[in-house]
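This report concerns only the one structure given below.
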Amino acid sequence: AAARGCGGAWRRAWQRGAGGPGPSPRGQRAAASSAGGGAVPVGRSGLAPWVPVVGLEIHAQISSNSKLFSGSQVQFAAPPNSLVSFFDASLPGTLPVLNRRCVEAAVMTGLALNCSINKKSLFDRKHYFYADLPAGYQITQQRVPIAVNGSLSYSLCIDNKMSQMVTKTVRIKQIQLEQDSGKSLHDDTRSQTLVDLNRAGVGLMEVVMEPDMCCGEEAAAAVRELQLILQTLGSSRAVMAEGQLRVDANVSVHHPGEPYGVRTEVKNINSIRFLAKAVDYEIQRQIEELENGGTILNETRAFDSKLGCTVPMRDKEGKQDYRFMPEPNLPPLILYDAKSLPANMNDQQVVNIDWIHERLPDLPSVKRAKLVEQYGILPEHSFALLNEDGLTEFFENVVKQTQMKPKKVIGWILNVLLSYLKQHSLTVKESPVSSFMMADLLNLLEKKEISSTAAKQVLAELWKGEGKTPLEIVKEKKLELIQDQKELEQICQAVIDGQENEVITMVLG
Amino acid sequence: QPVAGDVLEHLEQLALVDFRDAEGVERLRRAIQFADQLHEVNTDGVEPMDSVLEDRCLYLREDDVTEGNCVNELLKNAREKVEEYFVAPPGNIPLPKLEERETFRQGS
């Protein structure tokens, strides 16, 4: 959730010269400061600066047992077509039945993103032909979605040192409920496509972010924060690697004061890291194209992670006409609050916005503020704690079991433990060193029974997971700090005696 | 008013219908003319209706797994299958252009 902002990225490009993040740059590239203080990307020196504009469309798979409009199971990696009902396969005579849990997930997410929840929202059909969309249309919410006009705040570091953070906001245009499509496996050798409908009909929340972002790192930070929020709410597990969070970026550039440029849509972005790369590449590509007298086509491009560039996607048969129409089989979705709650309605048929609002968990931003207040750690520490699954819990457990001040403990957790975990590609849950052992070790350090260096050696031993306690390791390796004054004096004297010449040099100055 | 050629082509691609020949296109023109009578009704101040069911209550289902697990039944409808996957062509097969179609040339 903490990343370097636009200023840093474009300045790096300038310093590296020919080795910038975009395609073969020609001529000098300089970073000019905009009125707002951040660097604005510049093409060839002497030409007008460019303002990149980035918007995002994010599809988050709803975490639910069954699908949006049918009772088949939602599960990643199951035998092909085993989680498919007659409705999902679009067999005639089947009808959609809305899953209450999906509605609640969308309301929770809308509230967490400061949206207005539409008490009446509508379902529509979006028509297009593709083998993994058996009905020939997707049920979505095009006219009146469930939530609108929200905002998401995220943080960036404005320099390389990670010590100065700035908060940015992106407007949320809307959140809509819609169906996921099935999966197509392309078999080019046999010139055919294999279709698995397990995913067809799974509930999605589409979150549309306005084009308030200006570079890859802003986009990445915004998505990371959204991911943390969704995971905290439990409305989506938002694991990008499992396709539970998919991001499409809309990118354009223009000169300050001029209208927005033609935008391209970038798809096939499989991680947050690649999102930043894809957006930055596309910005650079568009700048180069325009400076060389070319034009930008309103097209869809795919990000090629191996080559680090965007390429035009297979032609989608020209401009799509989705022929939106109201979904005739679903009446409007009506939501209630404490005031409008009907007296004589079955509880199970009522979704109460206020009831859901009261039960929202602490969002990441609130959790971070509480950590800073409670433990006296820095804001960037709180970001690092929340960024790693289970790390906050680990830290709090260590603090509970040690006399060492939290401000000191945090260093050991973030700089030492975390780097061990990263080196060995382990999650906090898989750590061979428990919070109990860590606290034990830090207590030895705090009581000055061992030095900081010795503590690191003990940790290295603990990491082997051989079951020894910190104290056992200290005794084994004789790492105890010598406390006896006489013994210390003897050692110092021996050193001085052994280095006569150096001592004389020092004494003489 | 006759329907323009590019509009015909667009409609055929969107809906995968085949107007087939000049007679089919004429039938389309007359169908549009018939439907245009709707414009004679004054609908000022009247909210459009989506469906006759729009005042009904939308039923909310509990999030339980009650369906699925019928791959053999579903695959009975498949002309071609590979293991338990449906088989489709490699991508959408584009319709040939209107002028190129045998049926259109025959009719005109």
Side-chain angles (χ1 to χ4, degrees), chain A residues 64-66 69-74 79-89 91 97-103 122 127 129-132 134 136 182 184-188 190-198 314 317-318 321 323 326-334 345 348-351, chain B residues 3-18 35 38 47-98:
Chain A
S64 60
N65 299 326
S66 57
F69 293 118
S70 71
S72 26
Q73 190 180 4
V74 175
N81 291 309
S82 62
L83 308 176
V84 185
S85 68
F86 286 5
F87 171 78
D88 304 327
L91 298 189
V97 186
L98 182 55
N99 178 343
R100 190 207 148 86
R101 157 70 189 160
C102 293
V103 178
L122 306 172
H127 300 81
F129 292 113
Y130 207 63
D132 61 23
S184 295
L185 299 154
H186 299 288
D187 182 354
D188 294 321
R190 285 178 203 75
S191 201
Q192 62 189 14
T193 296
L194 301 181
V195 178
D196 173 13
L197 297 178
N198 282 348
R314 261 180 306 185
E317 294 143 39
D321 180 346
R323 295 179 301 151
E327 169 53 62
N329 295 321
L330 293 170
L333 172 61
I334 309 292
M345 228 168 128
Q348 201 266 333
Q349 289 301 313
V350 170
V351 173
Chain B
V3 185
D6 56 339
V7 174
L8 277 180
E9 203 166 336
H10 187 56
L11 287 172
E12 290 197 330
Q13 285 211 316
L14 288 180
L16 290 185
V17 293
D18 184 356
L38 289 171
E47 274 300 300
M49 180 178 76
D50 288 348
S51 92
V52 292
L53 300 171
E54 65 180 22
D55 288 333
R56 296 278 186 98
C57 209
L58 175 57
Y59 177 77
L60 295 173
R61 184 175 56 82
E62 277 299 309
D63 186 24
D64 298 319
V65 176
T66 56
E67 308 177 270
N69 243 309
C70 52
V71 59
N72 293 326
E73 288 259 273
L74 294 173
L75 288 176
K76 280 185 192 165
N77 278 332
R79 191 181 70 172
E80 246 190 277
K81 55 186 172 181
V82 167
E83 288 165 24
E84 277 154 348
Y85 291 93
F86 294 100
V87 179
N92 285 357
I93 300 168
L95 279 182
K97 294 225 180 282
L98 207 57

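A, B, ... follow the sequence lines: proteins, then strands. Residue 1 opens every chain.
- Sparse packing is recorded around CZ of A:Arg190, with 12 or fewer heavy atoms of other residues, nucleotides or ligands lying under 6.0 Å away.
- Taking chain B as the reference chain and counting heavy-atom pairs below 4.5 Å, the highest number among A:Val103, A:Leu83, A:Leu333 is found for A:Leu333.
- Heavy atoms of A:Phe87 lying under 4.5 Å from chain B are absent altogether.
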Please table the atom pairs, donor to acceptor, closer than 3.5 Å between any side-chain atom in residues 56-64 of chain B and protein atoms at least two apart or in another chain.
from	atom 1	to	atom 2	distance (Å)
B:Arg61	NE	A:Val97	O	3.4
B:Arg61	NH1	A:Ser66	OG	3.3
B:Arg61	NH2	A:Lys67	O	2.8
B:Arg61	NH2	A:Ser70	O	2.8
B:Glu62	OE2	A:Gln348	NE2	2.6
B:Asp63	OD1	A:Asn65	N	3.2
B:Asp63	OD1	A:Ser66	N	2.8
B:Asp63	OD1	A:Ser66	OG	2.7
B:Asp63	OD1	A:Asn99	ND2	2.9
B:Asp63	OD2	A:Asn65	N	2.9

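- Residues A:Pro332 and B:Glu54 approach most closely at CD-O, 3.2 Å, considering heavy atoms.
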Taking only distance into account, with no hydrogens and no angle test, what donor-acceptor pairs under 3.5 Å do side-chain atoms of residues 69-83 of chain B form with protein atoms, sequence neighbours excluded?
from	atom 1	to	atom 2	distance (Å)
B:Glu73	OE2	B:Lys76	NZ	3.3

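- Nearest heavy-atom pair across B:Pro90 and A:His186 is O-ND1, 3.8 Å.
- Contact of the A:Val195 side chain with the B:Val87 side chain is not registered, since no non-hydrogen atoms from C-beta on lie closer than 4.5 Å.
- There is no contact between A:Ile334 and chain B, counting heavy-atom distances below 4.5 Å.
- Both the backbone and the side chain of B:Thr66 come within contact range of chain A, with heavy atoms under 4.5 Å apart.
- Annotation: maximal heavy-atom pairing with chain B below 4.5 Å, among A:Pro328, A:Ser64, A:Ala131, occurs at A:Ser64.
- Atoms CZ and CG, on B:Phe86 and A:Leu197 in that order, are 5.5 Å from each other to the nearest 0.5 Å.
- Contacts with chain A were tallied for B:Leu14, B:Val65, B:Asp50; B:Leu14 has the most, counting heavy-atom pairs under 4.5 Å.
- Between chain B and the options A:Cys102, A:Gly136, A:Ser82, heavy-atom pairs under 4.5 Å are most frequent for A:Ser82.
- For A:Pro331, the parts lying under 4.5 angstrom from a heavy atom of chain B are both the backbone and the side chain.
- Ranked by non-hydrogen atom pairs under 4.5 Å with chain B, the options A:Met345, A:Glu327, A:Gln192 are led by A:Gln192.
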